[in-house]
Amino acid sequence: MKDFSLAEIQKEIEQIKYRNLRVESDKAWEGSWVRIAFIMLLTYVAVVIFLFLTGSQNIWLSALVPPVGFFLSTLSLPFVKKRWLYRHRQP
């Protein structure tokens with residue numbers, strides 16, 4: 001078994017702290033309103049372009065359906081996740 005020096009242990013601890021900070025930041029981004037709003041906007045623009053190219057009518061209103069659906073899914077998922085985690089943590 002290899003003996004670790006204090007400097008090596010401190011370096012590993014710093015690497016773990018950095019990784020944890022990065023993971024926490026990623027988690028915060030996943031649930032952020034900025035991310036949700038940006039995805040909704042991109043979805044809306046993509047659907048407007050698609051509907052325009054296909055010659056659909058009522059483009060501006062019809063294009064709201066996918067972003068609103070996405071938004072509603074972001075509201076319901078925390079509840080579903082909490083329930084799923086509760087059920088799967090049971091022995």
Rounded to the nearest 0.5 Å, what's the gap from [atom1] on [X] to [atom2] on [Y]? Could you check?
X: Leu64; Y: Thr43; atom1: CG; atom2: OG1; result: 11.5 Å
X: Ile36; Y: Glu30; atom1: CD1; atom2: CD; result: 9.5 Å
X: Gln15; Y: Gln10; atom1: CD; atom2: CD; result: 12.5 Å
X: Leu72; Y: Thr74; atom1: CG; atom2: OG1; result: 7.5 Å

Sequence neighbours excluded, the answer for side chain to side chain contact (heavy atoms under 4.5 Å, CB included) partners of Ser56 is Leu51, Thr54

Would [X] and [Y] show up in the same hydrophobic cluster when neighbours are defined by side-chain heavy atoms closer than 4.5 Å?
X: Ile13; Y: Tyr18; value: no
X: Val48; Y: Leu41; value: yes
X: Leu75; Y: Val80; value: no
X: Ile59; Y: Val45; value: yes
X: Ile16; Y: Val23; value: no

Co-members of the apolar cluster containing Leu42 [side chain, <4.5 Å]: Phe38

Between the side chain of Glu24 and the main-chain N/O of Leu21, is any donor-acceptor distance below 3.5 Å? no

Counting distance only, does the side-chain N/O of Tyr44 pair as donor-acceptor with the main-chain N or O of Pro66 below 3.5 Å? no

Step through the shown structure and confirm whether more than 12 heavy atoms of other residues, nucleotides or ligands are within 6.0 Å of CZ on Phe70. yes

How about Gln57: does its CD atom have over 12 heavy atoms from other parts shown lying under 6.0 Å from it? no

Can you name the nearest heavy-atom pair linking [X] to [Y], along with the distance?
X: Arg35; Y: Trp29; answer: CD-O, 3.2 Å
X: Phe71; Y: Trp33; answer: CE1-CZ3, 3.2 Å
X: Val47; Y: Ala63; answer: CG1-CA, 3.6 Å

Hits for ring-ring contact (aromatic ring centres under 6.0 Å, His included) against Phe52, two or more places apart or cross-chain, chain-then-number order -> none

